[in-house]
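What follows is one structure encoded as structure tokens, with my remarks underneath.
The first residue of the sequence shown is numbered 1, and numbering continues consecutively from there.
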Amino acid sequence: WCLGGCLESSPGTFSPLNYNGKVTMVPGGASPTCGTGIHFTALPKILELVLTNGVDARTGKEVFPPHNEKIDSYEKMVDLWYKYLDLSNQIVNKINNLQMDIWRKYNMPAVASLLKGGFFTNGQHIGNCGAKYNATINFESCGTITFINALASIKKNVFDDKAFTLEEMTDAMINNFGFKTAYETGVFSPDFRESTDQAEKYEKIFAACVNAPKYGNAERYVDDLLVDYEMRMKEYIPTIRSYYGKPLYMCQISVSTHGPQGFITLATADGRLAGTTYSDASASAAPGTDKNGMYAVFESATVYDHSMCQNSQMNLKIHPTAVKGLTGTRKLLDVIRAYMRKGGFHVQFNIVGSDTLRAAQKKPESYRDLMVRVAGFTQYWCEIGKAIQDEVIFRTEYDEERDGGRIMKHNNCVNYINLDCEKGMCALSKVIVPIDGEGSDACPKYEAAPACGNCQNFENPDKYGIGTCKGF
């Protein structure tokens, strides 16, 4: 319960302080900082470099030694990705270890050590493993879902369906599918595309990439790739050692690095264009790609055990009308409970409409007090760069018209048959389901039923959500 950065949570402790014959229990952290390690590795960029044989096609510079391998299977491509990832990690980890070793020797953290459990009993500052727990240095990733979606597209379009060759896919990515890049348009979200005279050449492959399976829709084809990634990384990351000689572990947040990392990355095989922002966090769907509602995002996000990592971060955007008043607060509580019951560890919300954000982008002087959650931290909207602003605006927005206000409950589904005040039956599965509590969360086949609260004729709701109808 002691924060070392954005969401880099570390254990806390109470330690006894003996002073002037009196014992005082001092609260504090129980570890050194969690805010250092191998941070913000751009997963989609490494995949790009696998496809371009180690050369950054944007700059013409060789980033990794050429692998010179013929990529004739999906498994071969993924193995090469891990090879390049490991090369990057070994270099970055060595630099970090050198930096932190100098820090602990020449800038000894005496004051910080006073607040860490173990300092008084061990007689060492936290730079010398004086804390109670010292294996808190981590690997932080960036663009996780953009990477997973890209893998799904290549797997389906190239290796499974054989609709295109890998060379054709790489060529389309290098040429941005025939569109202008974000560097040229100045727009960094996926909702804006400006064609070039090459657009027709890449029309079919671009459509196939956009329509490939996407994370966040409860589709096992792509969600299983996320499971494979998480399980393999769980075994791999602890093989890397920190400057304390302790194993590293996974920390999956992007903060705001999905903006600049996306800026230096070519188009990706999921249909994202060059220079546009990656997907945020690590469990959020890529903006605009989650088509089946919030519950489907939860279904995709919890296909692996979140306790394997320091965190698995999700961001959601909800229109204020969906959570307005006491009834709205209860709805938001239902959303949070539903995700946690499924195994989610962390979710954060922006309760703001895209129209408000666009207005604030145009006239920042009128919205100086507007704050938003980005990807692990809260920031004044006017102080965020345009790349991140564009990404936040384009995040899927849940509202009353969709399922943001009434999701997650069987009794809000069109297939629900009411039996009594406590339970009902699903018309599809014929299973008895409770109205509230354990087992009341809706399934991926959820379809919102018409409800008075969503009707234009509903007005004057009281604190219990009961109102009047002006339509009769």
Side-chain angles (χ1 to χ4, degrees), residues 1-13 15 26-43 45-46 63-64 82-144 233-258 260-261 264 281-282 308-313 374-377:
W1 42 262
C2 180
L3 296 184
C6 293
L7 290 171
E8 302 99 332
S9 55
S10 66
T13 186
S15 300
V26 180
S31 74
T33 176
C34 301
T36 186
I38 303 172
H39 280 189
F40 307 120
T41 300
L43 308 186
K45 185 67 180 182
I46 295 178
V63 179
F64 293 123
Y82 277 101
K83 181 179 178 180
Y84 274 176
L85 175 68
D86 184 61
L87 181 57
S88 172
N89 283 346
Q90 296 302 330
I91 295 171
V92 176
N93 189 57
K94 184 175 183 178
I95 293 172
N96 183 73
N97 285 351
L98 288 170
Q99 174 189 346
M100 298 307 292
D101 189 51
I102 293 171
W103 161 78
R104 65 177 180 166
K105 291 177 180 177
Y106 298 101
N107 189 23
M108 289 178 286
V111 175
S113 297
L114 289 170
L115 302 176
K116 305 290 185 177
F119 170 75
F120 297 109
T121 55
N122 295 335
Q124 294 286 341
H125 62 73
I126 59 176
N128 288 343
C129 293
K132 187 174 182 179
Y133 305 105
N134 295 286
T136 57
I137 313 304
N138 52 40
F139 168 88
E140 293 187 1
S141 54
C142 179
T144 303
M233 291 293 281
K234 175 179 178 288
E235 299 299 323
Y236 160 63
I237 291 299
T239 66
I240 305 171
R241 300 284 164 162
S242 72
Y243 56 98
Y244 291 130
K246 305 292 185 179
L248 268 61
Y249 61 96
M250 288 279 283
C251 175
Q252 303 190 97
I253 62 175
S254 65
V255 189
S256 60
T257 61
H258 53 294
Q261 296 281 36
I264 64 164
S282 61
M308 299 189 308
C309 311
Q310 186 182 37
N311 57 61
S312 298
Q313 183 193 2
V374 181
F377 69 104

Please walk me through it: do Asp86 and Tyr236 pass side-chain contact (heavy atoms from CB on, under 4.5 Å)? CA-CA 9 Å; Asp86 184 61; Tyr236 160 63; 2.7 Å; yes
Passes side-chain contact (heavy atoms from CB on, under 4.5 Å), Ile253 versus Ser282? Steps please. CA-CA 6 Å; Ile253 62 175; Ser282 61; over 6 Å; no
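Legend: residues meeting side chain to side chain contact (heavy atoms under 4.5 Å, CB included) with Pro238, ordered by chain and number and at least two apart, are Pro247. Scored by the side-chain hydrogen bond (donor to acceptor under 3.5 Å, both in side chains) test, Asn96 finds Thr36 as partners (sequence neighbours excluded). Applying the side-chain hydrogen bond (donor to acceptor under 3.5 Å, both in side chains) test to Tyr82 and every residue at least two apart in sequence or in another chain returns nothing. In terms of the side-chain hydrogen bond (donor to acceptor under 3.5 Å, both in side chains) criterion, Asn93 has no residue partners (sequence neighbours excluded). Residues satisfying the side-chain hydrogen bond (donor to acceptor under 3.5 Å, both in side chains) test with Gln99, not counting sequence neighbours, are none. Under the side chain to side chain contact (heavy atoms under 4.5 Å, CB included) criterion, Met308 pairs with Glu230, Met231, Lys234, Tyr304, Asp305, sequence neighbours left out. Looking at residues two or more places apart in sequence or on another chain, you find a side chain to side chain contact (heavy atoms under 4.5 Å, CB included) between Ser88 and Phe64, Val92. Contacts of Ile95 classified as side chain to side chain contact (heavy atoms under 4.5 Å, CB included), with partners at least two apart in sequence or in another chain: Ile91.
The distance from the OG1 atom of Thr136 to the OH atom of Tyr249 is 5.5 Å, given to the nearest 0.5 Å. Here the SG-CD distance, from Cys251 to Gln313, works out to 9.0 Å after rounding to the nearest 0.5 Å. Taking CD1 of Ile137 as the start and CE of Met100 as the end, the distance is 6.5 Å to the nearest 0.5 Å. The SG atom of Cys309 sits 11.0 Å away from atom CZ of Phe139, with the distance rounded to the nearest 0.5 Å. Ile38 contributes atom CD1, which lies 6.0 Å from atom CD1 of Ile237 (distance to the nearest 0.5 angstrom). Once rounded to the nearest 0.5 Å, the distance linking CE of Met250 with OG of Ser141 reads 5.0 Å.
Between Cys129 and Asn122, the shortest heavy-atom contact is O-ND2, 4.3 Å. Shortest non-hydrogen contact noted between Pro109 and Gly127 is CG-N, 4.0 Å. Pairing each heavy atom of Pro32 with each of Ala131, the nearest pair is CD-CB, 3.8 Å.
Applying the salt bridge (charged side-chain N to carboxylate O under 4.0 Å, His left out) definition to pairs two or more places apart or across chains, those involving residues 87-111 are Asp101-Arg104, Asp101-Lys105.
No donor-acceptor distance shorter than 3.5 angstrom exists from the side chain of Asn89 to the backbone of Thr41, with no hydrogens or angles considered. Judged by distance alone, with hydrogens and angles left aside, the side-chain atoms of Asn138 form no donor-acceptor pair with the main-chain N or O of Leu248 at under 3.5 Å. Although no hydrogens or angles enter the test, the distance criterion places no donor-acceptor pair under 3.5 Å between the side chain of Gln261 and the main chain of Cys142.
Counting only heavy atoms from C-beta outward, the side chains of Thr144 and Met233 never approach each other to under 4.5 Å.
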